[in-house]
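The structure presented is a predicted model; accordingly, all values stated were derived computationally and were not measured.
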Amino acid sequence: MSIADWTEADLGVPGRVLTVVRAPDPVLSAPSPLVDPADPEVVQLAADLVATMRVSPGCVGLAACQVGVAAHVFAVDVSRHPKTRTTHGTFVLCNAEVVEATRKEKGREGCMSVPDLTGDVKRATRLTVRGLLPGSGEELTVETDAFEARALQHEIDHCAGFLFLDRVAGAHAVFPRQTYL
């Protein structure tokens with residue numbers, strides 16, 4: 001199976017919309033433990049992350065710690081974002097890790113857990129990530145670039161206990177979030 005073949009229906013449970021926690025909640029700054037992707041609680045969490053991401057305007061990714069759960073699980077879907085070049089649609093990965101990263105580039109990031117700020121962060125523009133699918137536990141490798149690569153690194157950072165603010169070059173690279181009407 002490839003990541004493009006997976007859908008949230010494979011989880012077999014409906015997702016619930018959860019409350020997103022905000023910095024400085026301690027769950028956001030602690031590394032999340034690895035999980036058993038076949039655990040029914042992890043499968044439910046995966047469905048909940050997708051449901052919460054879907055109702056959050058502009059959201060392209062959501063890690064378990066952002067809903068107050070210390071677990072190495074995140075959902076990503078950049079398909080509707082204007083900066084997207086490559087997209088694998090909606091997917092959830094457990095215990096994901098970067099296998100290869102090249103060509104770093106600075107780009108603006110925001111975060112639902114830091115709603116009032118954005119910042120310039122240097123990230124790899126070409127990326128290979130390996131992780132496990134919730135439910136089956138099947139190992140998958142995702143190769144991507146551009147905005148989806150940035151989103152994956154952002155979510156993997158959450159699982160490691162880092163916010164994008166930990167990656168900016170300094171205060172000069174942090175900005176108030178713009179609201180457009």
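- Grouping the Ile, Leu, Val, Met, Phe, Trp and Tyr side chains by contacts below 4.5 angstrom, directly or via other members, places Val99 apart from Ile3.
- Checked by atom type and distance alone, the side chain of Thr84 never pairs as donor or acceptor with a backbone atom of Thr86 at under 3.5 Å.
- Residues satisfying the side chain to side chain contact (heavy atoms under 4.5 Å, CB included) criterion with Ala149, sequence neighbours excluded, are Leu127, Thr144, Gln153.
- Leu34 and Val142 are members of different hydrophobic clusters when ILVMFWY side chains are connected at heavy-atom separations under 4.5 Å.
- By the side chain to side chain donor-acceptor pair (under 3.5 Å) test, Ser79 is found to be paired with Asp77, residues two or more places apart in sequence or in another chain being considered.
- One finds the CE atom of Met53 at 5.0 Å from the OG1 atom of Thr90 (value rounded to the nearest 0.5 Å).
- Among residues two or more places apart in sequence or in another chain, the salt bridge (charged side-chain N to carboxylate O under 4.0 Å, His left out) test is passed with Arg126 by Asp145.
- For Lys104, the side chain to side chain contact (heavy atoms under 4.5 Å, CB included) partners are Lys122, not counting sequence neighbours.
- The heavy-atom pair separating Pro37 from Leu133 by the smallest distance is CB-O, 3.4 Å.
- Connection of Val60 to Leu49 is established within a shared hydrophobic cluster, with ILVMFWY side chains joined at heavy-atom distances below 4.5 Å, either directly or through further cluster members.
- Counting non-hydrogen atoms of other residues, nucleotides and ligands closer than 6.0 Å to CZ of Arg85 gives a total of 12 or fewer.
- Under the rule for a side chain to side chain contact (heavy atoms under 4.5 Å, CB included), the partners of Asp5 that lie at least two apart in sequence or sit in another chain are Met1, Ser2.
- Members clustered with Phe175: none, using a 4.5 Å side-chain heavy-atom cutoff among hydrophobic residues.
- Evaluation of the side chain to side chain contact (heavy atoms under 4.5 Å, CB included) rule for Ser56 yields Thr52, Cys59, Met112 as partners, not counting sequence neighbours.
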Derivation of the side chain to side chain contact (heavy atoms under 4.5 Å, CB included) call for Val76 and Leu93: CA-CA 9 Å; Val76 167; Leu93 289 177; over 6 Å; no
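- Within the 3.5 Å criterion, the main-chain N or O of Arg103 finds a donor-acceptor partner in the side chain of Thr125.
- Between Val121 and Arg150, some side-chain heavy-atom pair lies under the 4.5 Å cut-off.
- Note on Leu140 and Val50: same hydrophobic cluster, where clusters join Ile, Leu, Val, Met, Phe, Trp and Tyr whose side-chain heavy atoms are under 4.5 Å apart, directly or indirectly.
- Residue pairs that meet the side-chain hydrogen bond (donor to acceptor under 3.5 Å, both in side chains) test with at least one member in residues 127-139, sequence neighbours left out, are Glu97-Arg130.
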Side-chain donor/acceptor pairs under 3.5 Å, residues 156-173, sequence neighbours excluded:
from	atom 1	to	atom 2	distance (Å)
Asp157	OD1	Arg167	NH2	2.9
Asp157	OD2	Arg123	NH1	2.8
Asp157	OD2	Arg123	NH2	3.4
Asp157	OD2	Arg167	NE	2.8
His158	NE2	His154	NE2	3.3
Asp166	OD2	Leu163	N	2.8

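- Judged as a ring pair (Phe, Tyr, Trp, His ring centres under 6.0 Å), the pairs with a partner in residues 104-151 (not counting sequence neighbours) are, in order, His81-Phe147.
- Using a 4.5 Å heavy-atom cutoff, the side chains of Phe91 and Leu152 are in contact.
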Identify every side-chain donor-acceptor pair in residues 61-73 under 3.5 Å, counting partners at least two apart or on other chains, and give the distances.
from	atom 1	to	atom 2	distance (Å)
Gln66	OE1	Ala63	N	3.0
Gln66	NE2	Ser113	OG	3.2
His72	ND1	Asn95	N	3.3
His72	ND1	Ala96	N	3.4

Throw together a table of side-chain donor-acceptor distances under 3.5 angstrom for residues 10-24, partners on residues two or more places apart or in other chains.
from	atom 1	to	atom 2	distance (Å)
Asp10	OD2	Thr7	N	3.1
Arg16	NE	Asp48	OD1	3.3
Arg16	NE	Asp48	OD2	3.2
Arg16	NH2	Asp48	OD2	2.5

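- Taking every heavy atom of both residues into account, Val43 and Pro134 meet most closely at CG2-C, 4.4 Å.
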